[in-house]
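As structure tokens, the structure follows; a few thoughts come after it.
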Amino acid sequence: MDTSALSRRCTVVVGCQWGDEGKGKVVDVLAADVDVIARYQGGANAGHTVHAGDQHFVLHQVPSGILHPDKRCLLGNGVVVDLAQFFGELDQLVERGLDPRGRIGLSTRAHVVFPYHQALDLAAEAAAKRKIGTTGRGIGPAYEAKTGRRGVRVADLLDRRRGAERVGRGIAWARGRLVDLGADPGLAGTVDEAMAVAARVPEVATDVGAEIARALAAGKRVLLEGAQGTALDVDHGTYPYVTSSNTTAGAAAVGAGIGPTAIDSVVGIVKAYTTRVGNGPLPTEFDAGMDEKVRELGGEFGATTGRPRRCGWFDAVVVAYAARVNGLTGIAVTKLDVLDTLPEVRIATGYRLPGGGDTPFPPTSWELERVEPVYETLPGWQTPTTGVRTLSGLPRNARVYLERIEKLVDTPIAMVSVGTRRSQVIRTA
Ligand code: GDP
Ligand code: IMO
Ligand code: MG
């Protein structure tokens, strides 16, 4: 164990599997010691769960540092923001006694997700023969509009006339596409409906990159919070069963609006087993009985869509790949406690091809569908870990399991999480 990755000036927190690794929990814990927390990509497809005291929050757009009353929380230019969802989330936080006003900022360069993007997302999924299983939040169409240079940015909405003009063009484009998909073009909605949320934008609009640069220059500490996970990255993930953004640490600089040299630590969040929600390959997926058991033990239901998550054994091939593409300086292993009752635990240490021979993490989904994981079986610990606060206090077999992960991933463990609460972390040997 080596906790030094947790105490640097500018740290990226990145998911190392298929999302839902517990990024929200870890960011909330680490946020206590930093000044600024910024999301750098993704949108309301994310669902980050944070438990603080008796309260439980699922954050989709707002950074997971918001529960700490004195932290500045930012949404960078790489984020796609559904303004109705975003302001709704802020209002809910106010209702629940937290006041995020005045300490939340949204990049003027971030692209906006409108109801017509959501209509396109749902229509594309309905029409597709091979469905991705998206969250239906309009993420793909919003990023397509961005790279297609048809997008509408937060700054555009600060000028109502220009904003409405760009939204009008977006709706016209969406109507045509909806017709092509066999859907009702009326689903694209109207300019007035889309512009309804624009009035609140001046409350939050800011230059996020400039703010982060100023904070770092003043000696403050910054956390860059990733959404989704490495295997869902549009370049490095299981394409086409991925999200539409770069989720990996390299995107943190671009999406927060700072230079890569400002980042000095990358903490990978790694669930002690594997889950995936949506379609696409999952080499270590359990059989039906075990799937149900671990889903129950881990409460593995989507925080955004409520869909049951598919579960499987720890896949060291995926996480070692994530260590490389993210340049991890440390890992935080979460949900170790979920495995507490199992008589044995397995780790996939490699992949075998159907005709024999080993393969690294392949570039295509169809190849990944065909691989056979090579498993190592370790004895379980069958002792509760939820009350343990030091590495040496863990049952011996749990330590052996963690050491094996550390070795296979070739990255030091910086933290272990053994429950949903803030206090349920191990940060000392
Ligand atoms: P994220 O998207 O990476 O932030 O993860 P989610 O919030 O979607 O899913 C993680 C789930 O696991 C949430 O319900 C968390 O409250 C929960 N969780 C996080 N860490 C732990 C842990 O160490 N043990 C247990 N039992 N649950 C955890
Ligand atoms: P957090 O940040 C898990 C998955 C969807 C689908 C694919 C594409 O909570 O870890 P999209 O709506 O992004 O176009 O869907 O990506 N997906 C996630 N899975 N956690 C997430 O976020 C996810 N965000 C998207 O299920 O398979
Ligand atoms: Mg989640």
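Hydrogens, waters and symmetry mates are skipped; everything else that's a heavy atom, side chains included, is used. Counting convention: from 1, in listed order, for ligands and their atoms alike.
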* **Option with minimal heavy-atom separation from atom 9 (O) of ligand 1, where the choices are Lys271, Arg309, His48, Arg421** => Arg309
* ligand 2 to Arg137 polar contact by distance, N or O atoms, under 3.5 Å -> no
* Which atoms of ligand 2 sit under 4.0 Å from any heavy atom of Val277? -> 3 (C), 5 (C), 19 (N), 26 (O), 27 (O)
* To do: Give yes or no for whether the N/O distance cutoff of 3.5 Å, strictly under, is met between Ala303 and ligand 1.
  => no
* Would you please say whether a donor-acceptor pair under 3.5 Å links the side chains of Asp233 and Thr248? => yes
* **Atom indices of ligand 2 within 4.0 angstrom of Gly278 heavy atoms, with elements** => 27 (O)
* Sub-4.0 Å atoms of ligand 2 with respect to non-hydrogen atoms of Lys23 -> 1 (P), 2 (O), 10 (O)
* Looking only at non-hydrogen atoms, which of Thr420, Val333, Val277 approaches atom 27 (N) of ligand 1 most closely? -> Thr420
* Protein heavy atom at shortest distance from atom 15 (O) of ligand 2 -> Thr134 CA, 3.4 Å
* When you check the gap from the basic side-chain N to the acidic O, do Arg324 and Asp410 get nearer than 4.0 Å? -> no
* **Nearest neighbour of atom 8 (O) of ligand 1 from the list Ala46, Ala332, Gly298, Gly47, on a heavy-atom basis** => Gly47
* Asked: Starting from atom 15 (C) of ligand 1, which protein heavy atom do you reach first, and at what distance in Å?
  -> Thr49 CB, 3.9 Å
* Asked: Got a salt bridge between Asp35 and Arg221, using NZ or NE/NH1/NH2 to carboxylate O under 4.0 Å?
  -> no
* To do: May I ask you to say whether Glu376 pairs ionically with Arg404, meaning some side-chain N is under 4.0 Å from a carboxylate O?
  => yes
* To do: Can you sort out which atoms of ligand 2 are near Arg307, meaning under 4.0 Å from one of its heavy atoms?
  => 5 (C), 26 (O)
* Asked: What are the atoms of ligand 1, with element, lying closer than 4.0 Å to any heavy atom of Gly419?
  -> 20 (N), 21 (C), 22 (C), 23 (O), 24 (N), 25 (C)
* Asked: Under 3.5 Å between some N or O of ligand 1 and some N or O of Gly22?
  -> yes
* Is it true that Trp313 and Tyr273 have ring centroids separated by less than 6.0 Å? -> no
* Asked: Looking only at N/O atoms, are Gly19 and ligand 1 under 3.5 Å apart anywhere?
  -> no
* Can you pull out the closest protein heavy atom to atom 20 (N) of ligand 1? Residue, atom name and distance to 0.1 Å, please. => Ser417 OG, 3.7 Å
* Asked: Within less than 4.0 angstrom of ligand 2, does Ala303 place any heavy atom?
  -> no
* To do: Distance to 0.1 Å, residue and atom name: give those for the protein heavy atom nearest to atom 3 (C) of ligand 2.
  => Asp20 OD2, 3.2 Å
* Touching ligand 2 at all, Gln228? Heavy atoms, strictly under 4.0 Å? -> yes
* Got a second to check how far Thr11's OG1 is from Ile263's CD1, nearest 0.5 Å? -> 9.5 Å
* **Metal proximity, Gly302 vs the Mg ion (ligand 3), N/O/S cut-off 2.8 Å** => no
* Asked: Near Ala227, which atoms of ligand 2 are under 4.0 Å from a heavy atom of that residue?
  -> 2 (O)
* Below 4.0 angstrom, N of the basic side chain to O of the carboxylate: do Asp291 and Arg309 qualify? -> no
* Of all N/O/S atoms in Asp20, which lies nearest to the Mg ion (ligand 3)? -> OD1
* So, is Lys335 polar-close to ligand 1, with some N/O to N/O distance under 3.5 Å? -> yes
* Please say which of Arg295, Arg307, Lys335, Arg310 ends up in a salt bridge (Lys or Arg N to Asp or Glu O under 4.0 Å) with Glu300. => Lys335
* Per-residue contact class, Val242 against ligand 2 - non-hydrogen pairs under 4.0 Å -> backbone
* Asked: Going by the order shown, which atoms of ligand 2 are within less than 4.0 Å of some heavy atom of Ala46?
  -> 1 (P), 2 (O), 9 (O), 22 (O)
* Asked: Is there a nitrogen or oxygen of Asn45 sitting under 3.5 Å from a nitrogen or oxygen of ligand 2?
  -> yes
* On the 0 to 90° scale, with breaks at 30° and 60°, tag the Tyr401-Phe314 ring pair as parallel, tilted or perpendicular. => perpendicular
* When you measure from atom 4 (O) of ligand 1 to every protein heavy atom, which one gives the shortest distance, and what is it? -> Gly24 N, 2.8 Å
* Distance from atom 10 (C) of ligand 1 to nearest protein heavy atom, with residue and atom -> Asp20 O, 3.8 Å
* **Atoms of ligand 2, numbered as shown, that sit under 4.0 Å from any heavy atom of Gly133** => 5 (C), 6 (C), 26 (O), 27 (O)
* To do: Can you pull out the closest protein heavy atom to atom 24 (N) of ligand 1? Residue, atom name and distance to 0.1 Å, please.
  => Asp337 OD1, 2.8 Å
* Proximity winner for atom 19 (C) of ligand 1, if only heavy atoms of Lys25, Lys23, Gln17 are counted -> Lys25
* Structure fact -> In ligand 2, the atoms that come under 4.0 Å of a heavy atom of Trp18 are 3 (C), 19 (N)
* Asked: With backbone taken as N, CA, C and O and side chain as the heavy atoms from C-beta onward, which portion of His48 lies under 4.0 Å from ligand 2: side chain, backbone, both, or neither?
  -> side chain
